[in-house]
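See below for the structure under consideration.
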2 protein chains.
Amino acid sequence: MIRVLLAEDQAMVRGALTALLNLEPDIEVLGSAADGETAWRELQRLKPDVLVTDIEMPGLTGLELAQRIRRHELPMKVIIVTTFARPGFLRRALDAGVGGYLLKDAPAEGLAEALRTVHRGGRAIDPQLALEAWSDADPLNDRERQVLRLAGEGHSASDIGTQLNLSHGTVRNYLSEAIGKLGAANRIEAYRLARQKGWL
Amino acid sequence: MIRVLLAEDQAMVRGALTALLNLEPDIEVLGSAADGETAWRELQRLKPDVLVTDIEMPGLTGLELAQRIRRHELPMKVIIVTTFARPGFLRRALDAGVGGYLLKDAPAEGLAEALRTVHRGGRAIDPQLALEAWSDADPLNDRERQVLRLAGEGHSASDIGTQLNLSHGTVRNYLSEAIGKLGAANRIEAYRLARQKGWL
DNA sequence: ACCCCCGGGTGACGGTTGTCACATCCGCAC
DNA sequence: GTGCGGATGTGACAACCGTCACCCGGGGGT
């Protein structure tokens with residue numbers, strides 16, 4: 001019997017996944033949590049074999065949860081189930097030692113199978129995503145990332161300069177760099193590109 | 001027996017919701033679709049009592065689907081189930097005559113109940129959202145919406161002009177209007193504001 | 001016929017953005 | 001100390017953006 005804890009912030013999806021997994025004779029859903037902190041507490045209380053978690057949750061993200069489990073050397077496996085096909089996310093997840101990384105776009109039948117694989121000590125990584133993850137690395141440095149993030153929120157160059165204690169000229173240089181590296185036509189496009197790669 | 005068709009683009013969520021609903025003795029999931037066009041075809045083929053649909057789907061959105069059902073005077077009810085607590089979306093949904101509007105944040109148990117209510121001819125609208133919906137109206141007209149959407153994707157004024165057969169000056173006029181109406185400082189902020197209200 | 005509103009366009013203004021070449025400062029290797 | 005590289009700044013230029021006042025043509029009222 002595989003004992004599972006579920007962490008997912010959308011209540012309806014949480015309930016539906018519970019129903020789905022409970023259909024499997026060899027899987028038991030011990031409980032579920034709506035945010036990272038709750039998941040962390042339940043984890044220690046229930047000691048499940050596997051944690052199935054979303055990434056985007058209030059408080060503590062699924063990635064941070066995975067890192068924390070590794071740091072404390074807890075014995076359970078982790079499977080990430082998320083909407084976001086961002087190479088950067090998968091990369092961070094693998095660094096945190098997760099056993100599985102599935103997309104919500106993947107067929108539901110695969111989830112139970114992935115659970116069994118990971119429980120046996122195997123890995124279940126979405127295949128096409130696995131390719132991309134190691135193909136192109138984040139070309140942005142810290143300054144470029146900061147500046148681009150603020151620009152994407154609608155701030156002007158002088159605005160950003162004030163916030164980061166830089167001159168507006170320097171901000172524009174960083175933006176120009178970032179736009180160039182990403183092959184974008186302007187800051188808006190650059191922001192979108194970086195975001196969808198999980199680099200922001 | 002309530003006969004249901006499910007439209008939802010994320011396969012895993014689709015499968016999980018199917019499992020959830022099939023647990024109910026008085027509900028039968030006839031089938032499901034991953035995008036709006038498929039849903040529209042399945043709708044005519046299967047003639048379900050109720051359509052349960054997401055909003056954000058490739059091709060045809062759930063809102064457009066609801067409008068089309070109303071226009072063709074098909075006899076089925078519609079329930080929207082979405083992540084987005086945007087007043088503008090609920091508004092458009094109600095205008096399209098939907099029977100229910102639930103958030104994925106709401107508890108899963110409520111879905112079956114909402115289905116029964118709507119099937120009986122009642123309405124199931126998320127309560128706190130219902131309040132906000134009538135508070136502030138969308139100030140944008142069609143042109144402003146189109147132009148703002150494209151601008152938010154990183155296109156320049158001349159770019160947008162070409163796509164919409166407008167002069168670049170006119171595009172800038174519309175953008176200026178939209179920025180003013182939304183109280184934003186530039187197109188980027190305007191885009192973000194409109195988006196989070198569900199007006200885009 | 002008249003007027004007025006509406007969608008669209010024009011032209012001009014000052015500010016912002018994207019690009020580039022070059023300057024400055026600091027730390028670190030040798 | 002010399003030299004190099006990274007981080008930050010400057011100044012200039014062309015293009016683009018945001019704003020405004022105004023123009024044009026075609027419906028609809030009346």
Can B/Ile79 be reached from B/Met57 by stepping across I, L, V, M, F, W or Y side chains whose heavy atoms are under 4.5 Å apart?
->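 Hydrophobic grouping puts B/Met57 apart from B/Ile79.
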State, to 0.1 Å, how close B/Ala151 and B/Arg187 come at their nearest heavy-atom pair, and which atoms those are.
->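 For B/Ala151 versus B/Arg187, the nearest heavy atoms are CB-NH1, 4.2 Å.
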Taking atom [atom2] of [N] as reference, at what distance in whole Å does atom [atom1] of [X] sit?
| X | N | atom1 | atom2 | answer |
| --- | --- | --- | --- | --- |
| A/Leu148 | C/dT17 | CG | P | 13 Å |
| A/Glu189 | D/dC16 | CD | P | 14 Å |
| A/Glu144 | D/dT8 | CD | C1' | 13 Å |
| B/Asn165 | C/dG7 | CG | C1' | 15 Å |
| B/Leu164 | C/dG8 | CG | C1' | 13 Å |
| A/Leu175 | D/dC17 | CG | P | 15 Å |
| B/Glu177 | D/dG18 | CD | P | 13 Å |
| A/Ile188 | D/dC16 | CD1 | P | 14 Å |

Can you figure out which of D/dG9, C/dG8, D/dA7 approaches the side chain of A/Leu166 most closely?
->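 Looking only at heavy atoms from C-beta outward on A/Leu166, the closest nucleotide is D/dG9.
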Which nucleotide in the list C/dG8, D/dC17, C/dG18 gets nearest to the side chain of A/Asn186?
->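 Within the option list, the nearest is C/dG18.
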Taking A/Asp9 as the fixed residue, which of A/Asp54, A/Ile55, A/Asp35 is the one that meets the side-chain contact (heavy atoms from CB on, under 4.5 Å) rule?
->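 So the option named by the test is A/Asp54.
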If the cut-off is 4.0 Å, is [X] near the phosphate of [N], judged by side-chain N/O to OP1 or OP2?
| X | N | value |
| --- | --- | --- |
| A/Arg172 | C/dT19 | no |
| B/Tyr174 | C/dG7 | no |
| A/Ser176 | C/dT19 | yes |
| B/Ser156 | D/dC16 | no |
| B/Ser167 | C/dT10 | yes |
| B/Arg143 | C/dG7 | no |

Less than 4.5 Å apart, any side-chain heavy atom of A/Leu103 and any of A/Thr83?
->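 They are not in contact (no side-chain heavy atoms under 4.5 Å apart), so the answer is no.
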Would you indicate what A/Asn173 reaches in the nucleic acid, counting non-hydrogen atoms under 4.0 angstrom: base, sugar-phosphate, or nothing?
->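 Since a base atom lies under 4.0 Å of A/Asn173, the category is base.
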Flag the pair A/Glu8 and A/Lys104 as a salt bridge only when some basic side-chain nitrogen lies within less than 4.0 angstrom of an acidic carboxylate oxygen.
->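 Yes, this pair counts.
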